[in-house]
Amino acid sequence: MYNAVNEAKNQVSEVIMEALGRLTGSGKIPAEPLPPFQVTIPADSSHGDFSANVALVSAKTLKSNPRAVAQMIAEAAELAGTAFDKVEVAGPGFLNFFVGNVWFADVVRNAVKLGRDYGKTDLGKGKRMLVEFVSANPTGPMHIGNARGGAIGDCLSSLLAEAGYEVSREFYINDAGNQVEKFGKSLSLRYMQVCGEAGQRVAAENKDIDSFTKAIYGEDGNSPEFPMPEDVYLGQDIIEHAKNYFDLNGDKLAAVSEEERRKALTEYALPLNIERLEQDLLKYRIKYDNWFKESSLHQSGAVAEVIEKLKAGGHTYEQDGALWLRATDFGGDKDFVLVRSNGFPTYIVPDIAYHYNKLITRGYDKAINVLGADHHGYVQRMRICLSAMGIDDSRLDVVIMQMVMLVRGGEAVKLSKRSGKAITLTTLLDEVPLDAARFFFNLRNSDTHLEFDLDLAVEESSKNPVYYVQYAHARICRVIEKMSEDGAVYGGGEVSYTEPAEFALVRKIAEMPEMINDAAKEYNPSALTRYAFELAQSYHKFYDSCSIKDAEQPVKLSRLALCEAARTVLRNVLALLKVDAPEKM
RNA sequence: GCGCCAUUAGCUCAGCUGGAUAGAGCAACCGCCUUCUAAGCGGUAGGUCGAAGGUUCGAAUCCUUCAUGGCGUGCCA
């Protein structure tokens, strides 16, 4: 795995350690253990390509001032055979290392040579990660939060794979429990409305399904003529299912028992919803490795086993007819219920069984869940449950994402999950290009609120960061194409650079593998969009100040090589985001 | 009440395992297309890093307290 930045950092450390060895050997500094120091890339390249704070952290131990210590190390440092041309003492006592031309040339040649493999690392070699994301309820369409979760989870998965982890993407289908009960109840109510006299009259007046559902739906899903009680789903999709079932099968369910009706309607609509979820996510360029059904955990007895295990471990007690988990034994605020007094387990029991399946049955090293901030209380409870099951709870990692605020015309778009009027993933994608949606949802750290500007996402201009990045790619392609028409093609030979804009672009290219490692460690796919933007920016600046067409032969090919390298890296990053890299715009 | 997250330029946000003059985009203002894609580039202006203490050679970054906002804290999921 090629990682020029990491190698250079290691070299800096080695050079310093050797210098310190010589200094203690000659008695110039006392032989004391020194604190660890850091090698970083300075923000300002006039401070060198790599910088070490060894003198600053060691000054106290050595009873000297940082600049004097730095000076001694700089003088004792042996740079022959390293990537570095020179080392300087600067500021309060930093050691600034400057890489030579060979380093820059190597970066470019390697990026061109490695192609799609450039940027890959082996950070996670041998580790298997299961990334679970979206897992929207199959009782209705996906909302805007699912859209953010989808983009984050999918790009996080790509990122981890790039860092060498073996990654599986998984969707957990909540096809059992209360939500599904409520789904059946809602369907049944709407079905009876559709069968009824009023429903038939509306059907006669509204031939197409859209106007029909709208008519039944009323103002906010609860029209006086077609009233719905509290605690049911009011989405128009429920009416649509009921109507479709009626069209296919007539009113034959009107006479059967409520229970039977709910069951039949659920068995009809739930698979359709699940298929719809899969289709919608595919359109969003998300393909799961596995769709895991909650119902399978009930059928296999895994849910019952969880309760038995927790009971056997002595972590439960009965009170008020319910079974409680002694969460306080594991640092929880309060105990909570596992099995309700009506005999049904709460939502967390199948979830425990599911995590047990991930970590023990299937043996993944880590289970990563992408969850909305409104579920963060759940995370602590799940950790407690895992501990109670004897599983190391650090094997569960959670990426919490804050809410999305949609903005249009400078004002917040009001969301209402309950009324079914929330903006769905599908309607979002009708309005916003796919590339923009995927890019925008990864624009910010997941743990900050995301302001999604619908106007900006649609705008085809430099204001829109997606276009800025894609434009850089298209520009590179055009340059390379133009030059090849003139017979100038980079064939992999020696290259050399002199201009600041060239160096800046090479440095940015060199950063990719480290960026991947850092972002993977932090589970932070937003680093990808940021990096893509910075890389595009470095290219635009290079393009502006360094002509390729008018350059003399050796310089021309070196710059062409740099274009190739930049294009490769841009493509690689966009591939991780699953955003198109257009050749023309 | 307790817990989690946030608070940095007019706006949206980076930077947070302590380091050099606190960065970027947008908005504002001034420039650059007979020259490889101006969907671009350069420049100007804009900051008591929510507040107050503390830790230290050094704090946007770590600790404490407080303020404001969001979300949790169900025999809902």
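Keep in mind that the numbers below use all heavy atoms, side chains included, and drop hydrogens, waters and symmetry copies. Quick note on labels: first sequence line is chain A, next is B, and so on, each numbered from 1.
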Residue closer to the 5' end of RNA chain B, A:Val339 versus A:Tyr467 (nearest nucleotide):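 Per heavy-atom nearest nucleotide, the more 5' residue is A:Tyr467.
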- Query: Start at the 5' end of RNA chain B and walk down; is the nucleotide closest to A:Leu95 or to A:Phe336 reached first?
  - Reply: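 That would be A:Leu95.
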Strictly distance-based, threshold 3.5 Å: is any side-chain N or O of [X] a donor or acceptor partner for the main-chain N or O of [Y]?
X: A:Asp453; Y: A:Asp455; value: yes
X: A:Asn174; Y: A:Asn137; value: no
X: A:Asn464; Y: A:Glu459; value: yes

Check whether any side-chain N or O of [X] sits under 4.0 Å from OP1 or OP2 of [N], and answer yes or no.
X: A:Asn445; N: B:rA14; value: yes
X: A:Asn342; N: B:rC75; value: no
X: A:Lys463; N: B:rA27; value: yes
X: A:Tyr539; N: B:rG40; value: no
X: A:Tyr378; N: B:rG74; value: no
X: A:Arg475; N: B:rU37; value: no
X: A:Lys334; N: B:rG74; value: yes

Value for CZ (A:Phe37) from CG (A:Asn53), rounded to nearest 0.5 Å, stands at 8.0 Å
Do [X] and [N] have a side chain to base donor-acceptor pair shorter than 3.5 Å?
X: A:His375; N: B:rG72; answer: no
X: A:Tyr347; N: B:rA77; answer: yes
X: A:Asn96; N: B:rA20; answer: yes
X: A:Ser51; N: B:rA20; answer: yes
X: A:Ser341; N: B:rC75; answer: yes

Centroid under 5.5 Å and tilt under 30°, A:His449 to B:rA6: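 No; by the centre-distance and plane-angle rule, A:His449 does not count as stacking on B:rA6.
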- For A:Phe94 and B:rA20, are the ring centres under 5.5 Å apart with planes inclined under 30°? yes
Heavy atoms under 4.0 Å, any strand shown: does [X] hit a base, just sugar-phosphate, or nothing?
X: A:Ala59; value: nothing
X: A:Asp44; value: base
X: A:Cys546; value: base
X: A:Lys584; value: base
X: A:Thr448; value: sugar-phosphate
X: A:Ala373; value: sugar-phosphate
X: A:Val89; value: nothing
X: A:Gln537; value: sugar-phosphate
X: A:Phe344; value: nothing
X: A:Glu583; value: base
X: A:Asp447; value: sugar-phosphate

In whole angstrom, give the distance that lies between atom [atom1] of [X] and atom [atom2] of [N].
X: A:Met382; N: B:rA77; atom1: CE; atom2: P; result: 12 Å
X: A:Arg530; N: B:rU12; atom1: CZ; atom2: C1'; result: 13 Å
X: A:Glu522; N: B:rU17; atom1: CD; atom2: P; result: 9 Å
X: A:Lys541; N: B:rC41; atom1: NZ; atom2: C1'; result: 9 Å
X: A:Ile384; N: B:rC4; atom1: CD1; atom2: C1'; result: 14 Å

Which of these nucleotides, [options], is closest to any side-chain atom of [X]?
X: A:Phe533; options: B:rG40, B:rU37, B:rG25; result: B:rG25
X: A:Gln38; options: B:rG18, B:rU56, B:rC13; result: B:rG18
X: A:His376; options: B:rC26, B:rG3, B:rU37; result: B:rG3
X: A:Asp544; options: B:rA38, B:rA20, B:rC41; result: B:rC41
X: A:Lys549; options: B:rU35, B:rA39, B:rC5; result: B:rU35
X: A:Glu451; options: B:rG19, B:rC13, B:rA77; result: B:rC13
X: A:Asn174; options: B:rA77, B:rA20, B:rU37; result: B:rA77

Given the 90°-from-0 boundary between syn and anti, B:rC32 should be labelled anti
Discussion item. Can you confirm if the NZ or CZ of A:Lys182 lies within 45° of the ring axis of A:Tyr233 and under 6.0 Å from the centre of its six-membered ring?
Written reply: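 Judged by the rule, A:Lys182 and A:Tyr233 form a cation-pi pair.
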Flag this pair as yes if the NZ/CZ of A:Arg475 is under 6.0 angstrom from the six-membered ring centre of A:Tyr543 and inside a 45 degree cone about the axis; otherwise no.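 Pair A:Arg475/A:Tyr543 counts as cation-pi.
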Say we look at [N] and [M]: how far apart would their [atom1] atoms be, to the nearest angstrom?
N: B:rA20; M: B:rG15; atom1: P; value: 16 Å
N: B:rA28; M: B:rC11; atom1: P; value: 15 Å
N: B:rA14; M: B:rC62; atom1: P; value: 15 Å

Would you call the rings of A:Phe50 and A:Phe84 parallel, tilted or perpendicular, where under 30° means parallel and over 60° means perpendicular?
perpendicular
**More than 12 heavy atoms of other groups within 6.0 Å of A:Tyr317 OH** =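 Yes - once you tally the heavy atoms of other residues, nucleotides and ligands closer than 6.0 Å, there are more than 12.
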Next item on the list: Could you walk me through whether A:Lys358 and A:Glu170 pass the salt bridge (Lys or Arg N to Asp or Glu O under 4.0 Å) test, one step at a time?
Entry: CA-CA 10 Å; A:Lys358 287 178 181 176; A:Glu170 189 155 298; 5.7 Å; no
